[in-house]
Amino acid sequence: SLGKQSNSYATAKTYTVGVRVTDKDSAVSSIQTFTVTVFDSLATTYASSAFSASPGDTVDVDPGLGVVNGIFGYDAWSTVDNARQVTSTGGTLNVLQGSSTTESVTFSKAVTLQRYDGSAAAGTATITGLQSFSAASTVTGLTLVGGVSTSANLTLSNNTISNSDIRESGSGFPTNAIYSLGTSTAPNNGNTITGCNLINFYNSTSTTNAGVGILLSTNNNSWIISNNSFYHTATRTTFGAGATFNGILISSSTVNGTTISGNYIGGTAPLCAGTALTLNAATTLVFRGIQLTVGTTTPTSVQGNTIQNIAITTTSASTAQSLISAVTGNINIGTVTGNTLGSQSATGSVTFVHSSTSTAPFFCGIIAGTGTPGTINIQNNTIGGIAVSTSSTATINTRGISVQGAATAYNITGNTIGSLTTANSFTNATNSALAGIVSASTAATNVISNNTVANLTHNSTAAAAQLVGIVVSGGSNTI
């Protein structure tokens, strides 16, 4: 029974839904229709007739075949086949979480994945091979929404989106390639985004959001974001003043237990390949590759990610520009597998150019504690191949790792800032400081141990230029 509508009406309405069924053996297609009646309660919506298909056939759902507004859903696919492929020109995929079906879905426009049944069951949906294209800069490529009715059971949980491309359509760009919003009574938990390409997420006018690959807002717990590539295929030059660009953004302390691993941010092709991901802003653009405001119930884990092949130009005076920004919460960065920020073998893997006369900006490989930090462990990461400079007279305070705030504890262990083998691995050419590790934390327990700071080069001879290995001020520190 396919075709549950996301609309509801005080008076029942009946629609004809069309599907194209393609035989897996003969490749011959047939158009079949059935009716869907929509009542005032989605729970009473039903298909009054059915279509037929055999295991392995392909079933296409298309507004041109009768689906109102391209909005459709599915129910008991297991009566046909558990590996059904569905295609559509866009709309809402309403996941009936009470089933245990697995779907392969291809879309050509922006899509919303939402829970709409009243079941308390925890069924799953798997989406693979997704190609979701946004038609406007204000549209998110793929949106996951929980709690879309009065039922408290409508969580959108334990779903998988894999091996998919989320990108633009024509001249329209998705501001957020993937966005998820849960509620306190209907959190979106246990979802997985893996093996996907998040491409050309971009907003040229917003003064807050210049583009985000994956954005988790409130009440999203225990997600896995793994082995994805975040990149742009063209240089971006137009931005709203003060907007922030993120590959991955978690923006709420209601989010706990997310694992972010094996992802690639940068370049013009998957795995940070091609030419540099270039953001050449004449405005105050802020770059934060992975930005985390999370909870303290279960630590968020950031392991084995690569951020490289990036060129940033801005006039921003922000002190938060960074490749990884751990703002608030309990966070483990590299405790299992170290993250690669820049390169250990090449120079200029990440370039940061400031084009104003500002004396305020910072640029850091990892910055932590700009919000309300809990326990933050920063271990086994490599930070090198980074070149900071100005095309004007700006002075940029540059740091490999920088921690601050009244954290519960910081543990900074086993990291390499610069490189043991590549000369001039981490450079600053402005009249300011270049430091390997800076701790301005007031925490009672800060440990800085077994780190390597090597091949840092300061290219300025001006009076305020400084080159320092480790700087500590405040708190109680073991070095």
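Values reported hereafter were calculated over all heavy atoms of this structure, with side chains retained and with hydrogens, waters and symmetry mates removed.
Between His232 and Phe173, the ring center distance fails the sub-6.0 Å criterion. Between Phe287 and Phe363, the distance from one ring center to the other does not fall under 6.0 angstrom. Taking the six-membered ring for Trp, Phe239 and Tyr202 have ring centres closer than 6.0 Å.
Between Ile248 and Ile225, the closest side-chain pair of non-hydrogen atoms falls below 4.5 Å. Proximity of Ser251 to Leu215: side-chain heavy atoms (C-beta onward) are separated by under 4.5 Å at one or more points. Counting heavy atoms from C-beta outward, Thr314 and Phe352 have side chains that approach closer than 4.5 Å. Between Val286 and Ser318 there is a side-chain heavy-atom pair separated by less than 4.5 Å. When side chains are defined from C-beta on, Phe230 counts as touching Phe201, because their heavy atoms get closer than 4.5 Å. For the pair Val447/Ile412, no side-chain contact is recorded, criterion being any heavy-atom separation below 4.5 Å from C-beta on. Ile386 places a side-chain heavy atom less than 4.5 Å from the side chain of Leu323. Leu198 is listed as a side-chain neighbour of Ile178, based on a closest heavy-atom distance under 4.5 Å.
Looking only at distances, a side-chain donor or acceptor of Thr390 sits under 3.5 Å from a matching main-chain atom of His354. Judged by distance alone, the side chain of Trp223 and the main-chain N or O of Asn188 form a donor-acceptor pair under 3.5 Å. No donor-acceptor distance shorter than 3.5 angstrom exists from the side chain of Gln321 to the backbone of Phe362, with no hydrogens or angles considered. One N or O on the side chain of Asn309 and one on the backbone of Cys272 form a donor-acceptor pair closer than 3.5 Å. Side-chain atoms of Asn263 come within 3.5 Å of backbone N or O of Asn228 as a donor-acceptor pair. No donor-acceptor pair under 3.5 Å is formed between the side chain of Asn451 and the backbone N or O of Ile417. Checking side-chain atoms of Asn305 against main-chain N and O of Gly262 turns up a donor-acceptor pair under 3.5 Å. The backbone N or O of Ala443 lies less than 3.5 Å from a partner atom in the side chain of Ser441, making a donor-acceptor pair. Judged by distance alone, with hydrogens and angles left aside, the side-chain atoms of Thr218 form a donor-acceptor pair with the main-chain N or O of Gly182 at under 3.5 Å. When atom types are taken as modelled, the side chain of Asn415 and the backbone of Ile378 share a donor-acceptor pair closer than 3.5 angstrom.
Note that the CD1 atom of Ile193 and the OG atom of Ser180 stand 8.0 Å from one another [nearest 0.5 Å]. The CG atom of Asp165 sits 4.5 Å away from atom CD1 of Ile199, with the distance rounded to the nearest 0.5 Å. A distance of 13.0 Å separates CG in Asn424 from NE2 in His458, rounded to the nearest 0.5 Å. In this structure, OG on Ser402 lies 10.5 Å from CD1 on Ile366, to the nearest 0.5 angstrom. Between the CD1 atom in Ile401 and the CD1 atom in Ile437 there is a gap of 5.0 Å [rounded to 0.5 Å]. Atoms OG1 and CG, from Thr413 and Asn450 in turn, are 6.5 Å apart once rounded to the nearest 0.5 Å.
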Subject >> Residue pair Thr244, Gln291: steps toward the side chain to side chain contact (heavy atoms under 4.5 Å, CB included) verdict >> reply: CA-CA 10 Å; Thr244 299; Gln291 180 179 340; 3.9 Å; yes
Original post:
Under the side chain to side chain contact (heavy atoms under 4.5 Å, CB included) criterion, do Leu434 and Phe426 qualify, and how do the steps go?
Top reply: CA-CA 9 Å; Leu434 170 60; Phe426 198 154; 3.9 Å; yes
**OP:** Walk me through it: do Thr430 and Ser460 pass the test side chain to side chain contact (heavy atoms under 4.5 Å, CB included)?
**Re:** CA-CA 6 Å; Thr430 74; Ser460 173; 6.0 Å; no
Original post:
What's the verdict on side chain to side chain contact (heavy atoms under 4.5 Å, CB included) for Asn220 and Asn189, showing C-alpha distance, side-chain angles and the deciding distance?
Top reply: CA-CA 5 Å; Asn220 291 275; Asn189 295 336; 5.7 Å; no
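Checked by atom type, the side-chain pair Ser425/Asn455 shows no donor-acceptor distance below 3.5 Å. For the residue pair Asn209/Asn203, the side-chain donor-acceptor check at 3.5 Å is not satisfied. There is a side-chain donor-acceptor pair under 3.5 Å between Ser226 and Thr194. Remark: the Thr398 side chain and the Asn428 side chain contain an N/O donor-acceptor pair separated by less than 3.5 Å. For the 3.5 Å distance criterion, the side chains of Gln303 and Thr335 qualify, holding a donor opposite an acceptor. Side-chain atoms of Thr208 and Ser206 include a donor-acceptor pair closer than 3.5 Å.
Nearest heavy-atom pair across Ile448 and Ser439 is CD1-CB, 4.0 Å. When all heavy atoms of Ile376 and Ala368 are compared, the closest pair comes out as CD1-CB, 4.1 Å. Closest approach of Ile333 to Asn381, counting heavy atoms only: O-ND2, 3.2 Å. Among all heavy-atom pairs drawn from Ser389 and Ile396, the shortest one is O-CD1, 3.4 Å. Closest approach of Asn431 and Ala465 over heavy atoms only: OD1-N, 3.1 Å. Taking both residues in full, the closest heavy atoms of Gly334 and Asn339 are given as N-ND2, 3.5 Å, listed atom of the first, atom of the second, then distance.
The side chain to side chain donor-acceptor pair (under 3.5 Å) with Arg236 is formed by just one residue from the set Thr278, Asn200, Asn280; it is Asn200.
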